[in-house]
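Atoms considered below: every heavy atom in the structure, side chains included; atoms not considered: hydrogens, waters and symmetry mates.
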Amino acid sequence: MLRVLLVEDNRIYREAFKDNLHQHFPIMSVVEAQNADEALQKIRATPPDLIFMDIRLPGMNGLQLTQRIKKEFPKIPIAILTGYDLPEYRQAAVQYGADGFLVKESLKWEEVEAFVNSIAQSG
């Protein structure tokens, strides 16, 4: 079973994304976090196989959190979730160690499926 951490401060989006993950991957285990502190606590308790990370979080942003996670857990793949499809965000995501970049408003579940499947096959 693939364990996923979804780090998203918007409750409505987080619940919708989680529901879609369960719809596309029925046996996936999804744990949620609303901010960096909660995410780090959950990662340290039980490291997930994959993280979906909102770029804008209260306190430490998703890019900073990605960099911090990658220092402690370099093998955990992280996909950035953002509402902003800007070249500078894509470049920053790569610089901070993200493995994927997904734009919320134009998100195609085929992209998510391909990313999850690539993680599942390599892990």
Worksheet, complete the sentence: Residue pairs meeting salt bridge (charged side-chain N to carboxylate O under 4.0 Å, His left out), one or both in residues 79-88, sequence neighbours left out, come to D85-R90
Item to complete: Could you note down all residue pairs passing salt bridge (charged side-chain N to carboxylate O under 4.0 Å, His left out) where residues 21-33 supplies at least one of them, sequence neighbours left out?
Response: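 Every pair satisfying salt bridge (charged side-chain N to carboxylate O under 4.0 Å, His left out) with a residue in residues 21-33: R14-E32, K18-E32.
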Worksheet item: What are the two closest heavy atoms between A39 and L65, and how far apart are they?
Response: CB-CD2, 4.0 Å
Response to the item:
Applied to residues 19-46, the ring-ring contact (aromatic ring centres under 6.0 Å, His included) test, sequence neighbours excluded, yields H24-W109
Looking at side-chain heavy atoms only, is the closest gap between [X] and [Y] below 4.5 Å?
| X | Y | result |
| --- | --- | --- |
| V116 | E113 | no |
| L5 | V30 | no |
| L40 | I69 | yes |

Response to the item:
side chain to side chain donor-acceptor pair (under 3.5 Å) filter on E111, not counting sequence neighbours, yields none
Discussion item. Test of understanding: with side chain to side chain donor-acceptor pair (under 3.5 Å), list the residues that count as partners of Q67, not counting sequence neighbours.
Written reply: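 By the side chain to side chain donor-acceptor pair (under 3.5 Å) rule, Q67 matches no residue at all.
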Worksheet entry | Separation between OG1 of T82 and CD of E105, rounded to the nearest 0.5 Å | 8.0 Å
Worksheet item: Rounded to the nearest 0.5 Å, how far apart are CD of E8 and CG of N35?
Response: 11.5 Å
Discussion item. Taking salt bridge (Lys or Arg N to Asp or Glu O under 4.0 Å) as the definition, give me every residue that meets it alongside E72, ordered by chain and number, with sequence neighbours left out.
Written reply: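 Only R44 meet the salt bridge (Lys or Arg N to Asp or Glu O under 4.0 Å) criterion with E72.
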Hphob cluster co-occupancy, [X] + [Y], side-chain heavy atoms under 4.5 angstrom:
| X | Y | answer |
| --- | --- | --- |
| L2 | I76 | no |
| F115 | F101 | no |
| L102 | I80 | no |
| F17 | I12 | no |
| I43 | V7 | yes |

Output a table of donor-acceptor pairs, distance under 3.5 Å, between side-chain atoms of residues 46-62 and any protein atom two or more places apart or on a different chain; print 'none' if there are none.
| from | atom 1 | to | atom 2 | distance (Å) |
| --- | --- | --- | --- | --- |
| D49 | OD2 | R3 | N | 2.7 |
| D54 | OD1 | K104 | NZ | 3.2 |
| R56 | NH2 | Y89 | OH | 3.4 |
| N61 | OD1 | L63 | N | 2.8 |
| N61 | OD1 | Q64 | N | 2.8 |

For residues 91-100, tabulate all N or O donor-acceptor pairs below 3.5 Å that involve a side-chain atom, not counting sequence neighbours.
| from | atom 1 | to | atom 2 | distance (Å) |
| --- | --- | --- | --- | --- |
| D99 | OD2 | K70 | NZ | 2.8 |
| D99 | OD2 | I78 | N | 2.8 |

Worksheet item: In the hydrophobic clustering (ILVMFWY, side-chain contacts below 4.5 Å, transitive), which residues join I27, or is it alone?
Response: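 Besides I27, the cluster holds no residue at all.
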Worksheet item: Other than M1, what residues sit in its cluster of Ile, Leu, Val, Met, Phe, Trp and Tyr side chains whose heavy atoms are under 4.5 Å apart, directly or through others?
Response: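 Under the 4.5 Å side-chain rule, M1 groups with nothing.
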Discussion item. Check this for me: F73, atom CZ, are more than 12 non-hydrogen atoms of other residues, nucleotides or ligands nearer than 6.0 Å?
Written reply: yes
Worksheet item: Can you check side chain to side chain contact (heavy atoms under 4.5 Å, CB included) on L6 and V31, steps first, answer last?
Response: CA-CA 6 Å; L6 173 56; V31 176; over 6 Å; no
Item to complete: May I ask you to decide if D19's main-chain N or O and Q23's side chain share a donor-acceptor pair within less than 3.5 Å?
Response: no
